[in-house]
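Worksheet for the structure shown next.
Below, chains carry the letters A, B, ... as their sequence lines are ordered, and counting in each starts from 1.
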Protein chains: 4
Amino acid sequence: MRSPEKRQAILRAAVREIAETGLGASTARIARGAGLAEGTMFRYFSSKDDLLNELYIELKTDAYRRICADFPKDSGLRERARHIWTAHLRWALEKPDERKVSVLLHLSNVVSAATRERIGTERKMVGQTMEELGKCGAFKDLPQGFASSAMAAMQEAVMEMASKKPRQKVMLVELAFDAFWRMVK
Amino acid sequence: MRSPEKRQAILRAAVREIAETGLGASTARIARGAGLAEGTMFRYFSSKDDLLNELYIELKTDAYRRICADFPKDSGLRERARHIWTAHLRWALEKPDERKVSVLLHLSNVVSAATRERIGTERKMVGQTMEELGKCGAFKDLPQGFASSAMAAMQEAVMEMASKKPRQKVMLVELAFDAFWRMVK
Amino acid sequence: MRSPEKRQAILRAAVREIAETGLGASTARIARGAGLAEGTMFRYFSSKDDLLNELYIELKTDAYRRICADFPKDSGLRERARHIWTAHLRWALEKPDERKVSVLLHLSNVVSAATRERIGTERKMVGQTMEELGKCGAFKDLPQGFASSAMAAMQEAVMEMASKKPRQKVMLVELAFDAFWRMVK
Amino acid sequence: MRSPEKRQAILRAAVREIAETGLGASTARIARGAGLAEGTMFRYFSSKDDLLNELYIELKTDAYRRICADFPKDSGLRERARHIWTAHLRWALEKPDERKVSVLLHLSNVVSAATRERIGTERKMVGQTMEELGKCGAFKDLPQGFASSAMAAMQEAVMEMASKKPRQKVMLVELAFDAFWRMVK
DNA sequence: GATGAATGAGGTTTCATTCAT
DNA sequence: TATGAATGAAACCTCATTCAT
């Protein structure tokens with residue numbers, strides 16, 4: 001009962017279908033994509049909304065896990081910021097579907113406040129670094145949290161560019177960090 | 001005789017509904033929101049897709065018009081960049097619904113290539129400035145177009161923050177530009 | 001007011017559109033096809049049904065007029081039958097759209113009993129000939145009216161064939177009459 | 001599990017509704033007529049067009065089956081022709097709705113080329129006989145295929161007459177064949 | 001008389017969800 | 001537990017008809 005493999009299969013299928021079709025992707029297609037019958041999905045997720053919320057959590061958690069692994073928590077600020085920058089961009093560039101779905105969900109209003117809360121909780125290490133960043137350079141006089149938004153935004157720019165020039169990915173990630181860092185210095 | 005006022009009413013209603021519900025907003029609701037019968041909308045826009053494309057053009061054109069007005073085309077690079085930055089952010093902060101819809105449309109796949117084309121054409125002045133920007137500071141070694149993406153991204157960060165701290169809007173716009181400018185210098 | 005030219009233009013447009021799209025052809029398209037505004041049609045015909053009934057009468061009358069002109073009313077039976085055969089087939093082959101629409105209307109249930117009545121009235125000369133035919137050859141023992149149906153049916157076969165082999169039209173009409181006549185002899 | 005009974009129920013309901021209302025008969029009415037919910041029909045037929053095509057095949061196949069059963073393939077030409085004549089007319093007279101729908105579909109443009117193809121394939125035995133017929137009597141000099149059209153046409157005449165004089169059906173079928181046969185002799 | 005904007009009922013189709021097997 | 005047939009609300013869109021100009 002409630003085999004975890006099937007659960008994962010559903011989530012994977014959801015990513016695939018939604019990346020292709022948008023959030024309107026039908027539950028039937030998702031189930032079929034997971035090799036299951038139409039109704040079976042509802043034994044794992046109580047509704048489509050539930051599925052989407054769980055999916056969002058899964059995606060965010062996954063991305064976050066990548067950042068936490070090997071996190072150089074005892075290094076200097078630049079090193080830590082660089083780690084966050086690189087780890088996140090790698091994830092996003094390796095898994096473009098996952099990222100696209102993540103963005104779609106972020107903008108939609110199916111993601112409940114509770115879900116957003118739950119994700120916020122998982123910050124700790126990153127949060128600490130971002131806070132320090134907020135006290136440096138140009139961010140000093142800006143509201144708390146702006147540094148974090150700025151980094152996310154600049155990463156967005158990198159992803160957009162990377163999808164246009166896939167060959168220069170690696171270099172892009174590095175040079176763009178330097179650009180970002182100018183704001184911190 | 002097709003009244004331009006009704007056309008505008010539909011577009012306005014579309015913005016309102018879509019900002020609230022997402023692109024799934026039903027044509028019936030949009031029509032009702034514009035004070036019209038369900039079928040009337042289809043005399044102004046041949047299909048929902050057509051409506052969305054026209055809406056996208058309208059929104060982008062509107063935003064762009066704001067930038068072009070009073071554009072200091074004979075000033076230095078910083079002044080021009082600053083104008084683009086400020087004008088666009090003002091538009092976005094004044095019309096958050098418009099902006100949200102604009103983003104949703106940008107990400108969706110209802111916006112046709114033809115529409116994207118049509119919008120691309122209207123750049124000239126901005127394009128020139130962004131190109132110059134691309135040859136400065138940290139952007140020098142990054143692919144052409146990255147400066148533009150970076151500015152858009154940083155503006156995104158400002159908007160996000162501004163929606164959280166509406167009172168500090170004006171200051172935010174200014175200080176964040178200084179941050180951005182550090183990457184150019 | 002009620003210019004007969006416009007009336008005719010509407011009927012002609014109706015034939016064109018219906019031949020192409022079927023009886024579902026919209027009144028708007030028909031009006032447009034006649035070079036008139038959407039609503040104007042309703043000043044000439046009280047409803048779509050009315051239009052279709054009038055159209056049916058017009059088509060049938062036209063076809064019948066062709067038969068009556070030059071009708072050799074003093075010739076022998078064969079000659080008169082041959083005239084009916086040829087005149088009708090010429091009309092049908094010259095105006096395939098008209099014929100198609102005529103058939104569609106015949107099968108539909110928009111043509112009222114009153115309309116069918118009105119058409120029946122216009123027979124006289126043809127009726128006389130067909131009656132005589134019904135008393136000859138193989139038709140002798142069949143119910144009255146069968147000869148007429150049989151001729152119509154055989155003409156149908158000619159039309160079908162003629163649309164497949166347009167070059168042999170003329171020959172087809174002649175030889176097929178000979179075949180038909182064998183049943184009468 | 002998709003029950004064949006329900007599929008048949010839908011097809012039967014379609015015949016009933018279409019015979020009454022024409023091809024414009026709504027899917028909702030058809031579904032209701034089959035005792036099913038509106039949406040259920042679309043689990044059996046992917047679209048209205050699909051339904052109509054399948055229906056056409058079903059009707060034609062059914063009619064054809066009647067001809068093939070007991071086909072006296074070793075008898076003389078007259079006997080075989082007579083069998084085709086009688087078997088088809090019996091089917092048509094027993095199932096007037098089916099026949100009406102069959103004609104409507106034949107004339108419409110919802111029947112795809114593929115469907116017409118599929119039906120053409122099922123001829124063999126009949127085809128052979130009709131070909132022989134085409135080399136006899138008055139048909140000798142007419143294009144190939146005319147005999148077949150002529151028979152169909154004459155059957156049409158019988159059906160029309162039979163619907164007016166239902167009591168004389170049986171006699172009609174027989175005598176009309178004699179009339180038809182005069183063309184062959 | 002002519003126009004064409006407006007209407008809203010009605011058509012086809014999709015889909016989340018339920019439930020008997 | 002897994003299935004997938006059934007459901008019907010709701011979406012998009014069309015069109016005959018009306019009526020103010």
Take atom CD in A:E94; do more than 12 heavy atoms of anything else shown fall under 6.0 Å from it? yes

Whole angstrom value for the distance that separates P of E:dT3 from CZ of C:F42: 14 Å

So C:S26, base contact, sugar-phosphate only, or nothing? Heavy-atom distance under 4.0 Å. sugar-phosphate

Roughly, in whole Å, what's the span from CG in D:L36 to P in F:dG4? 20 Å

Can you find a pair of side-chain heavy atoms, one from D:E20 and one from D:R29, that are under 4.5 Å apart? yes

If you round to the nearest 0.5 Å, how far is OG of C:S102 from CH2 of C:W91? 5.0 Å

What is the distance from CZ of A:R43 to P of E:dA16, rounded to the nearest Å? 19 Å

What is the nucleic acid contact for C:A31, judged by heavy atoms within less than 4.0 Å: base, sugar-phosphate only, or nothing? nothing

Working to the nearest 0.5 angstrom, can you tell me the gap between A:I18 CD1 and A:D97 CG? 10.5 Å

Nearest-nucleotide 5' precedence on DNA chain E, D:A28 against D:T40: D:A28

Rounded to whole Å, how long is the line connecting atom OH of C:Y44 with atom P of F:dT18? 18 Å

Tell me the interatomic distance from D:R32, atom CZ, to F:dG8, atom C1', rounded to whole angstroms. 12 Å

Without decimals, in angstroms, what is the distance between C:L23 CG and F:dA16 P? 11 Å

Rounded to whole angstroms, how far apart are CD on B:E38 and P on E:dA5? 20 Å

By nearest-heavy-atom nucleotide on DNA chain F, the more 5' of B:S47 and D:G39 is D:G39

Report the distance from atom NZ of A:K48 to atom P of E:dC15, rounded to the nearest whole Å. 8 Å

Considering Watson-Crick and G-U wobble pairs with both distances under 3.5 Å, what does F:dC13 pair with? E:dG10

Can you find a side chain N or O atom of A:T27 that sits less than 4.0 Å from OP1 or OP2 on E:dC15? no

Suppose we define a pair by two distances each less than 3.5 Å, Watson-Crick or G-U wobble; what does F:dC19 pair with here? E:dG4

Are side-chain heavy atoms of D:Q8 and D:R12 found at a separation under 4.5 Å? yes

